[in-house]
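All chains are named by letter (A, B, ...) in the order of the sequence lines, taking the proteins before the strands, and each is independently numbered beginning at 1.
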There are 2 protein chains.
Amino acid sequence: MSLKYALLGFLNYADMTGYELKQHFDSSIQHFWNAKLSQIYPALSQMEKDGLLVMEVEYQEQRPNRKVYKITAAGRQELKRWVGTTMELQSVREAFLVQVFFMAQLDRESALGVMRHQLEQYRKRLENYHLFKKSFSEVVPAEVFKEDAVFWELTLDAGIKYGTAAVEWVEEAIEKIKGMERVKGGLEVSHDG
Amino acid sequence: MSLKYALLGFLNYADMTGYELKQHFDSSIQHFWNAKLSQIYPALSQMEKDGLLVMEVEYQEQRPNRKVYKITAAGRQELKRWVGTTMELQSVREAFLVQVFFMAQLDRESALGVMRHQLEQYRKRLENYHLFKKSFSEVVPAEVFKEDAVFWELTLDAGIKYGTAAVEWVEEAIEKIKGMERVKGGLEVSHDG
DNA sequence: GCATACATGTAAACCGTTACATGATTCA
DNA sequence: TGAATCATGTAACGGTTTACATGTATGC
């Protein structure tokens with residue numbers, strides 16, 4: 001459902017084609033929401049039918065015509081309504097935690113291998129957030145109002161907070177696994193030997 | 001995809017019906033993965049077709065027969081393989097951050113209202129994790145091997161880490177929003193007045 | 001010569017939620 | 001009397017991903 005509102009949100013800044021909207025996704029909110037073109041195009045035509053957008057064709061030769069979408073008054077209203085709506089907390093879905101939950105199946109070294117791999121990936125992601133944060137003031141276009149930039153930066157801060165939590169958690173988890181006594185293949189009891 | 005492995009994981013401890021599996025979801029991994037019965041039942045019969053499980057019917061009167069599923073050697077192998085597999089980092093999907101990203105649409109008080117509501121919900125969730133953590137040693141059945149309990153507790157620790165990060169982030173966000181100057185409806189410039 | 005940017009889509013598959021369907025027993 | 005527990009499912013719908021479909025211009 002957020003796809004629709006993300007599209008409205010971007011079109012509230014400027015008229016755009018689906019292709020350009022995809023670029024905005026990729027350069028800003030892709031850290032916490034993304035969409036493929038194959039989802040964006042049908043969503044836009046549906047939103048046009050619903051009166052949230054209007055579309056104008058720019059004719060081109062040697063490539064498909066550009067379909068430029070513009071937000072309507074109804075669209076602006078719907079965006080504003082949604083942004084101000086308090087929602088239920090969405091439930092967490094973390095496949096990696098399912099893996100950890102059943103990880104006693106593995107011997108200690110395999111478990112540590114999986115955890116270290118995850119740690120490396122969490123670190124890389126966090127590093128990217130930090131780099132993005134550093135370059136933030138240069139990246140943000142000057143014509144943008146300051147209040148927008150504040151909220152954009154808040155979403156980045158969220159990524160850094162969560163990312164830091166993830167890295168710390170795996171680091172501590174690795175230490176706890178190292179300290180375990182009865183892991184299969186460890187020093188003490190083995191259940192199938 | 002994790003549904004399949006969660007089912008294998010639980011059935012690796014004991015033979016069970018779909019109904020009982022659902023109860024295990026609800027009392028343990030529901031913090032990071034959940035499933036409805038309407039998804040569990042077809043998944044189980046598919047997994048039986050794939051040779052990961054075998055099913056035995058226990059006849060009952062006055063209610064549907066119990067279909068007790070048992071993991072096969074192939075199922076155990078598949079579980080073990082998956083638990084030891086390193087996976088790509090899954091991308092984050094946080095509708096709330098989409099909302100924050102476009103929140104400059106709101107006046108300061110409305111924005112603060114939405115953030116405070118979210119803060120309250122994050123706090124409640126974190127509180128639940130803490131309560132669960134305290135009662136953890138009592139809740140874990142005695143017959144369970146200690147190594148399983150260590151990994152189960154790690155997933156709880158993850159919840160507490162992320163939950164704490166979320167609470168801290170919103171608290172800081174609220175302070176930053178309070179400190180903003182050019183928010184619509186704030187003390188300074190208004191763009192449509 | 002190959003990848004990327006530009007520019008549009010459709011179709012099928014997959015995963016998950018909600019609604020529908022049935023019906024006895026037990027507890028408050 | 002009404003809700004929860006036990007116990008099974010199917011059908012429809014919605015959102016997302018992957019694969020298929022087309023084709024030029026530009027830069028490395």
Of the listed dT8(D), dA25(D), dT17(D), the closest approach to the R63(A) side chain comes from dA25(D)

Y19(B) has a side chain; which of dA7(D), dA7(C), dG16(C) sits nearest to it?
dA7(D)

Quick one: is dG15(D) close enough that its OP1 or OP2 comes under 4.0 Å of any side-chain N or O from Q39(A)?
no

Kindly point out which of dT16(D), dG16(C), dG9(D) is positioned nearest to the side chain of K67(B)?
dG9(D)

K36(A) NZ to dG15(D) C1': how many Å, rounded?
13 Å

Expressed as a whole number of angstroms, how long is the span from F32(B):CZ to dG16(C):P?
15 Å

Flag the pair E168(A) and K161(B) as a salt bridge only when some basic side-chain nitrogen lies within less than 4.0 angstrom of an acidic carboxylate oxygen.
yes

Round to the nearest Å and state the distance from Q46(B) atom CD to dA13(C) atom P.
14 Å

Residues E171(A), R123(A): salt bridge by 4.0 Å N-O rule
yes

Quick one: which of dC15(C), dA7(C), dA24(C) gets closest to the side chain of Q62(B)?
dA24(C)

Specify the separation, in whole Å, of atom CE of M47(B) and atom C1' of dC15(C).
15 Å

At under 4.0 Å, does any side-chain N or O of R93(B) touch on OP1 or OP2 of dT16(D)?
yes

Taking any heavy-atom pair under 4.0 Å as a contact, classify Q23(B): base, sugar-phosphate, or nothing.
sugar-phosphate

Rounded to the Å, how far apart are L37(A) CG and dA5(C) C1'?
12 Å

What is the separation between atom OH on Y5(B) and atom C1' on dC15(C), rounded to the nearest whole Å?
14 Å

Side-chain donor-acceptor pair present, Q118(B), Y122(B), cut-off under 3.5 Å
yes

Hey, do the aromatic rings of F32(B) and F96(A) have their centres closer than 6.0 Å?
no

Per atom distances to the S38(A) side chain, the nearest of dG23(D), dT18(D), dT8(D) is dT18(D)

Atom-pair distance (CZ on F25(B); C1' on dG16(C)), nearest Å:
13 Å

Mind checking whether H24(A) and Y13(A) have ring centres under 6.0 Å apart?
no

Which part of the nucleic acid, if any, lies within reach of E61(A) when heavy atoms closer than 4.0 Å are counted: base, sugar-phosphate only, or nothing?
nothing

Among the nucleotides dC6(D), dG16(C), dG9(D), which one has an atom lying closest to any side-chain atom of Y41(B)?
dG9(D)

Listed nucleotide nearest any side-chain atom of P64(A), set dA7(D), dT8(C), dG16(C)
dT8(C)

Whole-Å gap separating P (dT25(C)) and CD (Q60(B))
12 Å

Closest-nucleotide 5' rank along DNA chain D - winner of E20(B) and M1(A)
E20(B)

